[in-house]
Colleague: 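Below you'll find the structure I mean.
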Amino acid sequence: MGHWFYRNIVEPGKLPMLLALVSFMLTFLVTRTVTRLIRAGRGPFKNIAPGGMHIHHVVPGVILIVIGGFGAVGNGREGPAAAVCAIVFGIGAGLVLDEFALILHLDDVYWTEQGRQSVEVVVIASALALLVLGGFSPLGVDQLTPDERQDRTSLILTLVFNFLFVLIALFKGKLRMALLGTLIPFLALFGAVRLARPGSPWARRFYRNRPKARARAGLRSFHHDRRWDRPRRKLQDLIGGAPDRLPVRKR
């Protein structure tokens, strides 16, 4: 096990990446645990509000990201300083992405339906980091043979086509597939060839005068969301806690 760890993590210079990922995930889980305890009124934890102003944990998170990021750039990928900077950066990233929805909406939506976006972003970021740590580099360039690296024409065409597939998947509203497609070659192709999600820029532009395509896209999106929405919401509730339920208005 030690030999495998050294050969696959330490020797390629991936130890800072591993430390940053572990600290990122642990910080998110600890932060969510603490906020859920505060929400339930249990334990000694309380919101930080000096002078009546609530200080969100995204604030220290940004500070830690700046310190860890600049420190990592200045110290390279090896040595104790690089490891420490990676941990500091991971902690900061966990604090910031835990309140991603707050940054996106510029409002305190932590325990609302919009707050689920923070959990989703953290899961996507963790998956991307795991792919990079597992040996995937953008567009699979590291898996090319020396002869293929010399063939710059084929390499450039591969990069261009995969980038186009990623853009099309994004315009079709397939965010997850587009992000993963930047790391796994041609995964975005599946998102690019399938029907766009209703309301996406692609659907508004190209399905405007195609009622059958709009209907098919809406039907496919409905069945997809119906199949996966409940498991996805249960997973998000398990990780980050269920959002507040809106009170039912009495007539």
Side-chain angles (χ1 to χ4, degrees), residues 20 23-69 88-129 169-180 196-204 221-222 224-226 228-251:
S23 60
F24 166 73
M25 297 176 70
L26 287 178
T27 299
F28 171 75
L29 293 176
V30 171
T31 303
R32 280 283 163 168
T33 301
V34 171
T35 54
R36 292 170 78 169
L37 289 174
I38 294 174
R39 182 191 190 192
R42 299 168 59 184
F45 307 105
K46 294 182 180 180
N47 290 321
I48 301 175
M53 182 177 64
H54 181 194
I55 304 297
H56 293 271
H57 48 268
V58 66
V59 177
V62 170
I63 297 173
L64 292 176
I65 281 183
V66 172
I67 295 174
V88 172
F89 180 85
I91 294 173
L95 293 173
V96 170
L97 290 190
D98 183 56
E99 293 199 313
F100 172 82
L102 182 147
I103 301 173
L104 180 64
H105 295 278
L106 293 179
D107 193 11
D108 191 358
V109 294
Y110 196 85
W111 294 119
T112 67
E113 284 293 325
Q114 292 91 338
R116 292 180 183 272
Q117 294 170 326
S118 297
V119 180
E120 190 168 355
V121 167
V122 168
V123 172
I124 293 175
S126 300
L128 292 175
L170 279 175
F171 279 110
K172 286 191 172 184
K174 313 292 182 66
L175 176 61
R176 302 180 190 88
M177 195 161 290
L179 289 175
L180 294 177
R197 290 187 64 86
S200 65
W202 186 280
R204 293 196 300 267
S221 177
F222 171 77
H224 179 275
D225 293 341
R226 186 178 182 182
W228 296 107
D229 187 61
R230 181 173 295 180
R232 184 171 63 246
R233 291 170 69 89
K234 286 185 177 180
L235 178 62
Q236 291 173 346
D237 291 347
L238 177 65
I239 297 174
D244 293 330
R245 295 182 179 275
L246 295 176
V248 179
R249 294 182 178 179
K250 295 182 180 181
R251 294 183 178 179

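Count residues from 1 along the sequence. Values below: all heavy atoms of this structure, side chains included; hydrogens, waters and symmetry mates excluded.
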Colleague: Taking NZ, NE, NH1 and NH2 as the nitrogens, is one of them in D229 or R232 under 4.0 Å from a carboxylate oxygen of the other?
Modeller: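 So D229 pairs with R232 through a salt bridge.
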Colleague: Measuring only between side-chain heavy atoms, which start at C-beta, is L175 closer than 4.5 Å to L170?
Modeller: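 SC-SC contact between L175 and L170 confirmed.
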Colleague: To the nearest 0.5 angstrom, please state how far the CD atom of Q117 sits from the OG1 atom of T112.
Modeller: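 Answer for the CD-OG1 pair, Q117 versus T112, is 8.5 Å.
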Colleague: Report the distance from atom CG of L102 to atom NE2 of H57, rounding to the nearest 0.5 Å.
Modeller: 8.5 Å
Colleague: Is the CZ atom of F171 crowded by more than 12 outside heavy atoms at less than 6.0 Å?
Modeller: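 No, because the 6.0 Å sphere around CZ of F171 holds 12 heavy atoms or fewer from other groups.
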Colleague: Determine whether E99 and T31 make a side-chain contact, defined as any pair of heavy atoms from C-beta on separated by less than 4.5 Å.
Modeller: no
Colleague: Can you tell me how far CZ of R32 sits from CG of L238, rounded to the nearest 0.5 angstrom?
Modeller: 12.0 Å
Colleague: When you look at T27 and D98, which way does the side chain to side chain contact (heavy atoms under 4.5 Å, CB included) test go after all the steps?
Modeller: CA-CA 9 Å; T27 299; D98 183 56; over 6 Å; no
Colleague: Looking at CZ of F45 and CZ of R36, how far apart are the two atoms once the value is rounded to the nearest 0.5 Å?
Modeller: 14.0 Å
Colleague: Do you know the tightest heavy-atom contact between L64 and I91?
Modeller: CD1-CG2, 3.7 Å
Colleague: What heavy-atom pair brings I55 and P50 nearest, and what distance separates the two atoms?
Modeller: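 So the minimum-distance heavy-atom pair works out to CG1-CD, 3.7 Å.
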Colleague: Residues in side-chain hydrogen bond (donor to acceptor under 3.5 Å, both in side chains) with N47, at least two apart?
Modeller: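 side-chain hydrogen bond (donor to acceptor under 3.5 Å, both in side chains) check on N47 returns nothing, list empty.
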Colleague: Determine whether the side chains of Q114 and H105 contain a donor N or O and an acceptor N or O closer than 3.5 Å.
Modeller: no
Colleague: Give a yes or no answer on whether the side chain of S221 reaches the backbone of R197 with a donor-acceptor pair at less than 3.5 Å.
Modeller: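 Such a contact is absent between S221 side chain and R197 backbone.
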Colleague: With a 4.5 Å limit on heavy-atom distance, are the side chains of T35 and W111 in contact?
Modeller: yes
Colleague: Might you confirm whether atom CD1 of I48 has over 12 heavy atoms from other residues, nucleotides or ligands at distances under 6.0 Å?
Modeller: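 No, the 6.0 Å shell around CD1 holds no more than 12 heavy atoms from other groups.
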Colleague: Kindly compute the distance separating CZ (F24) from CG (L29), expressed to the nearest 0.5 Å.
Modeller: 9.5 Å
Colleague: Looking only at heavy atoms, which two atoms of A203 and A196 are closest? And how far apart?
Modeller: N-CB, 4.1 Å
Colleague: Any idea which heavy atoms bring S200 and G173 closest together, and the distance?
Modeller: CB-N, 3.8 Å
Colleague: Run the side chain to side chain contact (heavy atoms under 4.5 Å, CB included) test on F89 and I65 for me, step by step, so that the C-alpha distance in whole Å, both residues' side-chain angles and the decisive distance to 0.1 Å come before the verdict.
Modeller: CA-CA 5 Å; F89 180 85; I65 281 183; 3.8 Å; yes
Colleague: Test side chain to side chain contact (heavy atoms under 4.5 Å, CB included) on F100 and V122; report intermediate values, then the result.
Modeller: CA-CA 9 Å; F100 172 82; V122 168; over 6 Å; no
Colleague: Please examine the side chains of D237 and R116, heavy atoms only from C-beta on, and report whether any two atoms are closer than 4.5 Å.
Modeller: yes
Colleague: Does R39 have any side-chain hydrogen bond (donor to acceptor under 3.5 Å, both in side chains) partners at least two apart in sequence or in another chain, and if so, which?
Modeller: D244
Colleague: At their closest point, which heavy atom of A169 faces which heavy atom of A178, and how far apart are they?
Modeller: CB-CB, 3.9 Å
